[in-house]
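I have placed the structure first, in the form of structure tokens, so that the comments after it can refer back to it.
Reckoned from all heavy atoms, side chains included, excluding hydrogens, waters and symmetry mates.
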Amino acid sequence: MTDRVDINRLLTEMRSIKSQTQAFSGGIEGIESIRSGGVQPVADKNRVDFSDVMGQAINKVNDVQQASSKMAQGYIKGDPGIDISQVMVASQKSSVAFQAATQVRNKLVEAYKDVMNMPI
């Protein structure tokens, strides 16, 4: 039953991140023209910066890895409240989170290279 709770919590976090990143999919709606002909971003209280979202994601991966490490250390030291199955599940969660972060980084680097190679 604890796995179901973790899955639901994970889905909730994914949905909240999705709703935060939907601010980026609006296109140019957040820009208004100025009389001089230039453009300026509109100040928005609900605006989410990409760097903040990425920083939070990296911090969550780090937290999962640290929790997994602490659990493994507790098991090695003989803590009676820690079962080997809990250690293995935490280790797998840590591995999956790190692999997902690595794939996101790879896609970002690929997108950056594509943008840099675009003809002007």
When rounded to the nearest 0.5 angstrom, what is the spacing between CD in Gln86 and OG in Ser91?
-> 13.5 Å

Steps toward side chain to side chain contact (heavy atoms under 4.5 Å, CB included) verdict (Gln99, Ser95) = CA-CA 6 Å; Gln99 288 175 2; Ser95 176; 3.5 Å; yes

Under the criterion side chain to side chain contact (heavy atoms under 4.5 Å, CB included), which of Asp114, Leu108, Asn106 is the partner of Glu110?
-> Asp114

All heavy atoms of Ile82 vs all of Tyr75, minimum pair found to be O-CD1, 3.6 Å

Would you say Asn59's side chain and Gly55's backbone share a donor-acceptor pair under 3.5 angstrom?
-> yes

Test Lys60 against Val64 for side chain to side chain contact (heavy atoms under 4.5 Å, CB included), laying out the working first.
-> CA-CA 6 Å; Lys60 285 182 183 180; Val64 170; 5.5 Å; no

Between the CG atom in Asp79 and the CE atom in Met71, the distance rounded to the nearest 0.5 Å is 9.5 Å

Residue pair Ala101 / Val61: nearest heavy atoms and the distance that separates them | CB-CG2, 4.1 Å

Would you say the side-chain atoms of Asp83 and Ser85 include a donor-acceptor pair closer than 3.5 Å?
-> yes

Check Ser94 against Ser68 and note the closest heavy-atom contact, atom names and distance.
-> CB-CB, 3.9 Å

Could you state whether Val96 and Val89 fall into the same hydrophobic cluster, counting links through intermediate Ile, Leu, Val, Met, Phe, Trp or Tyr residues with side-chain heavy atoms under 4.5 angstrom apart?
-> no

Using the rule that two of Ile, Leu, Val, Met, Phe, Trp, Tyr join whenever any of their side-chain heavy atoms come within less than 4.5 Å, decide whether Val109 and Val104 are in one cluster.
-> no

